[in-house]
Amino acid sequence: AQSVAQPEDQVNVAEGNPLTVKCTYSVSGNPYLFWYVQYPNRGLQFLLKYITGDNLVKGSYGFEAEFNKSQTSFHLKKPSALVSDSALYFCAVRDSTGRRALTFGSGTRLQVQP
Amino acid sequence: DAEITQSPRHKITETGRQVTLACHQTWNHNNMFWYRQDLGHGLRLIHYSYGVQDTNKGEVSDGYSVSRSNTEDLPLTLESAASSQTSVYFCASSASGAYNEQFFGPGTRLTVL
(Lines give C-alpha, C1' and ligand atoms only; values in the text may rest on other atoms or scores of the structure.)
Protein backbone atom coordinates (compact mmCIF):
# COMPACT_ATOMS: atom_id res chain seq x y z
CA ALA A 1 0.00 0.00 0.00
CA GLN A 2 1.14 3.52 -0.71
CA SER A 3 0.97 6.42 1.72
CA VAL A 4 1.90 10.07 2.12
CA ALA A 5 2.71 11.98 5.28
CA GLN A 6 2.62 15.74 5.66
CA PRO A 7 3.89 16.19 9.21
CA GLU A 8 2.89 19.84 9.64
CA ASP A 9 -0.75 20.87 9.77
CA GLN A 10 0.25 24.50 9.35
CA VAL A 11 3.34 26.42 8.28
CA ASN A 12 3.72 30.12 9.05
CA VAL A 13 6.22 32.27 7.20
CA ALA A 14 6.78 35.99 6.70
CA GLU A 15 6.39 37.48 3.25
CA GLY A 16 9.71 37.52 1.42
CA ASN A 17 11.16 34.64 3.42
CA PRO A 18 11.78 31.18 1.94
CA LEU A 19 9.19 28.51 2.60
CA THR A 20 9.27 24.74 2.85
CA VAL A 21 6.29 22.39 3.07
CA LYS A 22 7.32 18.86 3.97
CA CYS A 23 6.19 15.58 2.44
CA THR A 24 7.37 11.99 2.86
CA TYR A 25 5.99 9.01 1.00
CA SER A 26 5.90 5.24 0.91
CA VAL A 27 5.37 3.15 -2.24
CA SER A 28 6.41 -0.32 -3.27
CA GLY A 29 7.81 0.66 -6.67
CA ASN A 30 9.13 3.84 -8.20
CA PRO A 31 7.13 6.88 -7.09
CA TYR A 32 5.35 9.46 -9.16
CA LEU A 33 4.97 12.50 -6.90
CA PHE A 34 2.70 15.53 -7.20
CA TRP A 35 1.97 18.77 -5.39
CA TYR A 36 -1.41 20.47 -5.55
CA VAL A 37 -2.69 23.73 -4.06
CA GLN A 38 -6.23 24.47 -2.92
CA TYR A 39 -7.58 27.97 -2.41
CA PRO A 40 -10.74 28.48 -0.31
CA ASN A 41 -13.90 27.00 -1.87
CA ARG A 42 -11.99 25.86 -4.94
CA GLY A 43 -10.83 22.59 -6.42
CA LEU A 44 -7.23 21.46 -6.38
CA GLN A 45 -4.78 23.01 -8.81
CA PHE A 46 -1.72 21.15 -10.07
CA LEU A 47 1.64 22.75 -9.13
CA LEU A 48 4.34 20.30 -10.17
CA LYS A 49 5.29 16.66 -10.46
CA TYR A 50 8.30 14.37 -10.29
CA ILE A 51 8.37 11.40 -12.63
CA THR A 52 12.04 10.73 -13.27
CA GLY A 53 15.27 12.58 -13.97
CA ASP A 54 16.47 15.73 -12.22
CA ASN A 55 15.72 15.67 -8.49
CA LEU A 56 14.81 19.37 -8.47
CA VAL A 57 11.49 19.99 -10.17
CA LYS A 58 10.22 23.45 -11.05
CA GLY A 59 6.54 24.23 -11.23
CA SER A 60 3.94 26.97 -11.35
CA TYR A 61 4.03 30.29 -9.44
CA GLY A 62 7.75 29.99 -8.62
CA PHE A 63 7.40 26.77 -6.62
CA GLU A 64 9.89 23.93 -6.80
CA ALA A 65 10.26 20.58 -5.09
CA GLU A 66 13.21 18.37 -4.31
CA PHE A 67 12.97 14.61 -4.65
CA ASN A 68 15.17 12.68 -2.22
CA LYS A 69 15.01 8.94 -2.77
CA SER A 70 17.07 7.93 0.25
CA GLN A 71 14.88 9.97 2.60
CA THR A 72 11.68 9.20 0.64
CA SER A 73 10.84 12.90 0.68
CA PHE A 74 9.45 15.42 -1.77
CA HIS A 75 9.48 18.80 -0.02
CA LEU A 76 7.88 21.83 -1.65
CA LYS A 77 9.90 25.04 -1.63
CA LYS A 78 9.79 28.64 -2.73
CA PRO A 79 12.65 31.13 -2.35
CA SER A 80 10.45 34.11 -1.46
CA ALA A 81 6.91 33.71 -0.14
CA LEU A 82 4.00 35.93 -1.13
CA VAL A 83 0.85 36.64 0.88
CA SER A 84 -1.08 35.24 -2.08
CA ASP A 85 0.65 31.86 -1.56
CA SER A 86 -1.49 31.35 1.56
CA ALA A 87 -3.53 28.22 0.83
CA LEU A 88 -3.81 24.51 1.55
CA TYR A 89 -1.12 22.34 -0.04
CA PHE A 90 -1.40 18.64 -0.77
CA CYS A 91 1.31 16.15 -1.61
CA ALA A 92 0.25 13.05 -3.55
CA VAL A 93 1.89 9.86 -4.76
CA ARG A 94 1.22 6.92 -7.00
CA ASP A 95 3.22 3.83 -7.73
CA SER A 96 4.62 3.76 -11.27
CA THR A 97 3.26 0.26 -11.79
CA GLY A 98 -0.02 0.44 -9.94
CA ARG A 99 -3.36 2.12 -10.42
CA ARG A 100 -3.51 5.64 -11.79
CA ALA A 101 -5.37 7.12 -8.82
CA LEU A 102 -3.40 9.22 -6.37
CA THR A 103 -2.93 8.82 -2.63
CA PHE A 104 -2.99 12.21 -0.92
CA GLY A 105 -1.49 13.51 2.28
CA SER A 106 -3.70 15.23 4.83
CA GLY A 107 -2.65 18.68 3.67
CA THR A 108 -0.61 21.57 5.09
CA ARG A 109 -2.03 25.03 5.51
CA LEU A 110 0.47 27.70 4.53
CA GLN A 111 -0.01 31.10 6.11
CA VAL A 112 2.16 33.92 4.78
CA GLN A 113 2.14 37.02 6.97
CA PRO A 114 2.67 40.47 5.44
CA ASP B 1 -11.41 25.86 -23.18
CA ALA B 2 -11.66 22.33 -21.85
CA GLU B 3 -12.92 22.01 -18.32
CA ILE B 4 -14.37 19.74 -15.66
CA THR B 5 -17.63 20.71 -14.00
CA GLN B 6 -19.61 19.38 -11.08
CA SER B 7 -23.25 19.83 -10.17
CA PRO B 8 -24.83 20.73 -7.92
CA ARG B 9 -22.24 22.83 -6.09
CA HIS B 10 -24.19 22.56 -2.85
CA LYS B 11 -26.72 19.93 -1.79
CA ILE B 12 -28.65 19.31 1.41
CA THR B 13 -30.48 16.02 1.71
CA GLU B 14 -31.99 13.76 4.32
CA THR B 15 -30.78 10.46 5.68
CA GLY B 16 -31.90 7.53 3.54
CA ARG B 17 -32.44 9.45 0.30
CA GLN B 18 -30.66 8.59 -2.91
CA VAL B 19 -28.42 11.36 -4.20
CA THR B 20 -26.53 11.66 -7.48
CA LEU B 21 -23.63 14.05 -8.01
CA ALA B 22 -22.74 14.87 -11.57
CA CYS B 23 -19.27 15.22 -13.08
CA HIS B 24 -18.67 16.26 -16.67
CA GLN B 25 -15.33 16.82 -18.39
CA THR B 26 -14.56 18.13 -21.85
CA TRP B 27 -10.88 17.14 -21.85
CA ASN B 28 -11.74 13.80 -23.53
CA HIS B 29 -9.81 12.10 -20.73
CA ASN B 30 -10.13 8.36 -20.28
CA ASN B 31 -9.39 8.40 -16.53
CA MET B 32 -11.91 9.81 -14.07
CA PHE B 33 -11.92 9.77 -10.28
CA TRP B 34 -14.13 10.63 -7.33
CA TYR B 35 -12.64 11.75 -4.01
CA ARG B 36 -14.08 13.02 -0.77
CA GLN B 37 -12.38 15.65 1.35
CA ASP B 38 -12.75 15.66 5.10
CA LEU B 39 -10.83 17.65 7.68
CA GLY B 40 -7.70 15.81 8.77
CA HIS B 41 -7.98 13.18 6.05
CA GLY B 42 -6.97 14.98 2.91
CA LEU B 43 -8.64 13.47 -0.13
CA ARG B 44 -9.73 9.85 -0.13
CA LEU B 45 -10.54 7.86 -3.23
CA ILE B 46 -14.13 6.63 -3.62
CA HIS B 47 -14.30 5.20 -7.16
CA TYR B 48 -12.40 5.52 -10.40
CA SER B 49 -12.74 4.63 -14.06
CA TYR B 50 -10.20 4.05 -16.83
CA GLY B 51 -12.75 4.26 -19.64
CA VAL B 52 -16.29 3.59 -20.79
CA GLN B 53 -17.91 0.68 -18.95
CA ASP B 54 -14.93 0.43 -16.58
CA THR B 55 -15.37 1.19 -12.86
CA ASN B 56 -13.24 0.35 -9.83
CA LYS B 57 -13.59 0.73 -6.08
CA GLY B 58 -11.35 2.97 -4.04
CA GLU B 59 -10.60 2.94 -0.33
CA VAL B 60 -13.94 4.40 0.84
CA SER B 61 -16.43 2.99 -1.69
CA ASP B 62 -19.05 1.59 0.73
CA GLY B 63 -22.41 3.27 0.15
CA TYR B 64 -21.36 4.79 -3.20
CA SER B 65 -21.66 3.65 -6.82
CA VAL B 66 -20.62 5.00 -10.23
CA SER B 67 -21.33 4.19 -13.83
CA ARG B 68 -19.46 5.20 -16.98
CA SER B 69 -21.62 5.16 -20.10
CA ASN B 70 -19.58 7.72 -22.05
CA THR B 71 -16.16 9.38 -21.90
CA GLU B 72 -17.36 12.73 -20.55
CA ASP B 73 -19.42 11.76 -17.49
CA LEU B 74 -18.93 9.86 -14.24
CA PRO B 75 -21.93 10.38 -11.93
CA LEU B 76 -21.55 9.40 -8.28
CA THR B 77 -24.60 7.93 -6.53
CA LEU B 78 -25.14 7.68 -2.81
CA GLU B 79 -27.63 4.84 -2.61
CA SER B 80 -28.99 5.69 0.84
CA ALA B 81 -27.40 8.83 2.22
CA ALA B 82 -25.95 8.73 5.74
CA SER B 83 -24.73 11.55 7.97
CA SER B 84 -21.21 10.11 7.70
CA GLN B 85 -21.31 11.00 4.01
CA THR B 86 -21.50 14.72 4.75
CA SER B 87 -18.39 15.93 2.97
CA VAL B 88 -16.98 17.84 0.03
CA TYR B 89 -16.79 15.70 -3.09
CA PHE B 90 -14.28 16.27 -5.88
CA CYS B 91 -14.24 14.79 -9.33
CA ALA B 92 -11.00 14.64 -11.30
CA SER B 93 -9.83 13.44 -14.70
CA SER B 94 -6.52 12.70 -16.38
CA ALA B 95 -5.29 11.65 -19.78
CA SER B 96 -4.20 8.08 -20.42
CA GLY B 97 -0.60 7.51 -19.54
CA ALA B 98 1.21 6.63 -16.39
CA TYR B 99 2.30 10.07 -15.22
CA ASN B 100 -0.31 12.58 -16.29
CA GLU B 101 -1.58 14.96 -13.66
CA GLN B 102 -5.21 15.04 -12.63
CA PHE B 103 -7.47 18.02 -13.23
CA PHE B 104 -10.03 18.69 -10.53
CA GLY B 105 -13.56 20.04 -10.59
CA PRO B 106 -14.73 22.80 -8.23
CA GLY B 107 -16.32 20.36 -5.76
CA THR B 108 -19.78 19.62 -4.38
CA ARG B 109 -20.53 20.30 -0.74
CA LEU B 110 -23.02 17.67 0.44
CA THR B 111 -24.82 17.86 3.78
CA VAL B 112 -26.85 14.88 4.98
CA LEU B 113 -29.26 15.73 7.80
Side-chain angles (χ1 to χ4, degrees), chain A residues 1-10 21 23-25 27 29-53 57 59-60 63 65 67 74 87-109, chain B residues 2-10 21 23-25 27 29-51 54-61 66 74 87-109:
Chain A
Q2 56 198 36
S3 64
V4 176
Q6 293 182 243
E8 301 155 316
D9 290 337
Q10 182 157 325
V21 182
C23 171
T24 59
Y25 67 89
V27 294
N30 291 321
Y32 292 158
L33 294 153
F34 301 80
W35 275 102
Y36 285 83
V37 60
Q38 184 181 31
Y39 297 100
N41 300 314
R42 303 284 296 275
L44 276 69
Q45 296 178 31
F46 169 74
L47 277 180
L48 52 78
K49 65 183 177 185
Y50 171 82
I51 304 300
T52 188
V57 178
S60 306
F63 284 93
F67 171 66
F74 189 56
L88 190 57
Y89 290 81
F90 290 97
C91 181
V93 68
R94 59 153 294 202
D95 189 308
S96 61
T97 59
R99 69 181 187 194
R100 292 159 228 171
L102 296 172
T103 297
F104 285 84
S106 56
T108 298
R109 186 164 301 281
Chain B
E3 61 178 355
I4 179 166
T5 57
Q6 294 183 235
S7 62
R9 294 295 312 279
H10 301 271
L21 309 183
C23 174
H24 179 80
Q25 52 98 4
W27 295 96
H29 286 162
N30 284 327
N31 303 327
M32 295 186 73
F33 311 88
W34 274 104
Y35 297 91
R36 59 178 287 176
Q37 183 179 23
D38 303 287
L39 204 60
H41 290 280
L43 278 78
R44 293 181 289 176
L45 182 66
I46 305 172
H47 281 286
Y48 59 103
S49 169
Y50 291 156
D54 175 76
T55 61
N56 306 278
K57 293 181 178 180
E59 283 82 26
V60 292
S61 62
V66 294
L74 187 69
S87 187
V88 180
Y89 291 85
F90 287 100
C91 179
S93 71
S94 68
S96 296
Y99 42 78
N100 291 303
E101 60 270 23
Q102 294 179 17
F103 294 85
F104 281 79
T108 294
R109 184 174 295 275

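Everything quoted here is computed from the prediction, not taken from an experiment. Proteins get letters first, then strands, A, B, ... in listed order; numbering begins at 1 in each.
Residue B/Arg44: no heavy atom, backbone or side chain, is found under 4.5 Å from chain A. With a 4.5 angstrom heavy-atom cutoff, A/Ile51 touches chain B only via side-chain atoms. Of the atoms belonging to B/Leu43, heavy atoms from both backbone and side chain fall under 4.5 Å from chain A. Only the side chain of A/Leu88 comes within contact range of chain B, with at least one heavy atom under 4.5 Å from a heavy atom of that chain. If you measure heavy-atom distances from B/Tyr99 to chain A, the contacts under 4.5 Å come from both the backbone and the side chain.
Between B/Gln102 atom CD and A/Leu44 atom CG the span is 9.5 Å, to the nearest 0.5 Å. A distance of 10.0 Å separates CG of B/Asn100 from OH of A/Tyr32, quoted to the nearest 0.5 Å. For the atom pair A/Gln45 CD and B/Glu101 CD, the distance stands at 12.5 Å (nearest 0.5 Å).
Of the listed residues (B/Gly107, B/Ala92, B/Pro106), the greatest number of heavy-atom pairs within a distance under 4.5 Å of chain A belongs to B/Pro106.
Checked against the 6.0 Å centroid criterion, the rings of B/Phe104 and A/Tyr36 qualify as a close aromatic pair.
For the residue pair A/Asn41 and B/Arg109, the shortest heavy atom distance occurs at OD1-NH2, 4.2 Å. Among all heavy-atom pairs drawn from B/Phe90 and A/Gln38, the shortest one is CZ-NE2, 3.3 Å.
In this structure, the side chains of A/Phe90 and B/Gln37 come closer than 4.5 Å at one or more pairs of heavy atoms.
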